[in-house]
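One structure below.
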Amino acid sequence: MNVHDSEKMLGVLERQGYAETEDPRRADLIIFNTCSIRQKAEQKFYSELGRAKAYKKKRSKMKIAIAGCIAQQTGEGIFKKAPYVDFVFGPQNIHILENLASGCNASVVTEDNPHIAFTDLPVKRSDTVRAWVTIMYGCNNFCSFCVVPYTRGRERSRPSDSIITEIEALAEGGYKEITLLGQNVNSYKSDIDFPGLLRRISRIGGIERIRFVTSHPRDLSEDLIEVMADLPKVCKHIHLPLQSGSTRLLRLMNRGYSYDDYLGKISTLREEVPGIAITSDIIAGFPSETEEDHFHTIMALKDIEFDGIFAFRFSQRPGTRAAEMEGQLPEGIKSERLTQILKLQDEITERKNKALEGTIQEILIEGVSETDREKLTGRTGTNKIVTIPVVDVERGALISVEIIRGRKHSLEGRLIER
Ligand code: SAM
Ligand code: SF4
């Protein structure tokens with residue numbers, strides 16, 4: 001989501017006559033688009049900011065702006081830590097960049113902007129085949145560990161006509177795959193609901209694949225599962241964050257489902273959408289997590305066999321309820337549990353990838369591999385990365401490949417059909 005916000009900032013700035021530079025020392029404007037979801041991201045930002053200070057000393061006309069969730073949460077406080085910063089704006093106020101050329105006077109813009117869902121900002125996209133499209137902003141869920149409702153504000157759905165217009169333009173521009181973005185896409189609601197939106201997008205010619213993130217397990221409806229089963233353009237992959245295999249912790253996290261509810265949704269998904277890939281997020285070491293709770297998570301990973309997960313050590317985020325809960329765990333225990341989770345999941349992912357050896361998969365070609373110029377990379381509908389020896393096909397082509405090797409983080413294939 002932050003990467004796409006950066007694309008919007010670039011789009012707005014380009015209209016003002018700005019161009020990107022690879023060399024930050026030559027920039028007239030440096031924007032840090034920050035993330036505050038975990039402490040690690042925040043620490044990294046402050047060390048990068050120190051580097052920008054040195055650049056600015058040598059180039060007096062340089063301006064430094066802080067955007068994103070740290071900007072939203074820290075506001076004026078950033079000037080105390082870094083008085084050389086020129087302005088600060090939150091994720092709901094990207095449009096203020098439109099006033100840069102005429103001189104942006106406000107130094108801190110962090111107010112709640114409920115109209116953001118109705119503001120169509122220009123976007124400078126980094127890819128020519130795959131595109132992100134925001135369908136909703138903010139979140140109402142207030143999971144006890146999460147800063148998003150405080151930094152991105154309340155949930156607002158973008159009107160469906162505006163989404164469709166953007167995607168039609170993308171299709172005309174040659175884009176083949178779109179990923180719909182929102183913190184909880186399943187609760188999208190304007191004149192139509194999320195399954196209705198998928199049905200409308202599916203009718204747009206030229207778009208071959210439709211993906212979406214993130215789905216909240218509580219709001220995953222029968223109707224959405226039906227749409228995933230019926231519409232060939234909707235990719236057979238869902239990212240469905242579980243967070244913990246312990247129902248006691250899920251309650252403390254305010255997730256709104258039990259482990260059994262989650263399992264029920266997984267089995268319906270697998271019954272109704274054969275071959276679906278399911279990925280998830282897991283938090284290790286939530287406050288008061290016992291060995292038994294952790295064991296429930298380990299068992300959940302073994303029972304469900306996700307295709308992949310993102311797992312994180314619990315991070316105390318200022319202003320969230322979980323940050324104040326009793327039973328905060330030492331970093332050592334959190335790390336130990338995280339390592340166990342990741343090790344187990346790596347084994348499961350590798351096993352599942354190996355099971356695909358010999359199968360035929362359709363992949364969308366993304367280009368030459370960054371690590372091996374002799375290979376092309378592509379992705380299956382189930383979101384698995386496949387590399388194949390370079391052949392004469394264009395980016396954006398959909399081709400069939402045979403999987404010849406399943407690895408931990410990717411698959412190797414060979415072209416079988418053009
Ligand atoms: N909206 C999505 C959902 O609820 O499923 C998740 C969005 S959040 C930006 C991405 C992931 O970051 C979460 O699923 C969670 O696993 C992780 N996360 C959020 N806050 C965290 C925290 N305080 N400590 C560790 N991980 C956290
Ligand atoms: Fe954060 Fe996702 Fe929960 Fe919203 S649903 S509060 S974004 S974890």
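One-based numbering, in listed order, for ligands and for the atoms of each. All values below come from the heavy atoms of this structure, side chains included, with hydrogens, waters and symmetry mates left out.
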Task: R248 and S288: side chain donor to acceptor below 3.5 Å - done: yes
Task: Under-4.0 Å salt bridge between D127 and K176 - done: no
Open item on the list: Distance alone, cut at 3.5 Å: any donor-acceptor contact between the side chains of D293 and T290?
Closed with: yes
TODO: Could you name the protein residues that come within less than 4.0 Å of ligand 2, counting only heavy atoms, and order them by chain and residue number?
DONE: C139, N141, F142, C143, F145, C146, V148, P149, Q183, H216, R255
Open item on the list: Regarding K53 and E48, does a basic nitrogen lie under 4.0 Å from an acidic carboxylate oxygen?
Closed with: no
TODO: Compute the ring centroids of F32 and F45, then answer whether they are less than 6.0 Å apart.
DONE: yes
Task: Amino acids in close contact with ligand 1, where any non-hydrogen atom sits under 4.0 angstrom away - done: I37, R38, F145, Q183, T214, P241, Q243, R255, D281, I283, F312, R313, F314, S315, R317
Task: Between Q361 and T359: side-chain donor-acceptor atoms closer than 3.5 Å - done: yes
Ignoring hydrogens and angles, write down the donor-acceptor pairs under 3.5 Å from the side chains of residues 108-118, residues two or more places apart or on other chains.
| residue | atom | partner | partner atom | Å |
| --- | --- | --- | --- | --- |
| D112 | OD1 | Q92 | NE2 | 3.1 |
| N113 | OD1 | H115 | N | 3.1 |
| N113 | ND2 | Q92 | O | 2.9 |

Task: Pair Y84 and F79, ring centroids less than 6.0 Å apart - done: no
- [ ] List for me each residue that meets salt bridge (Lys or Arg N to Asp or Glu O under 4.0 Å) alongside D260, sequence neighbours excluded, and say none if there are none.
- [x] none
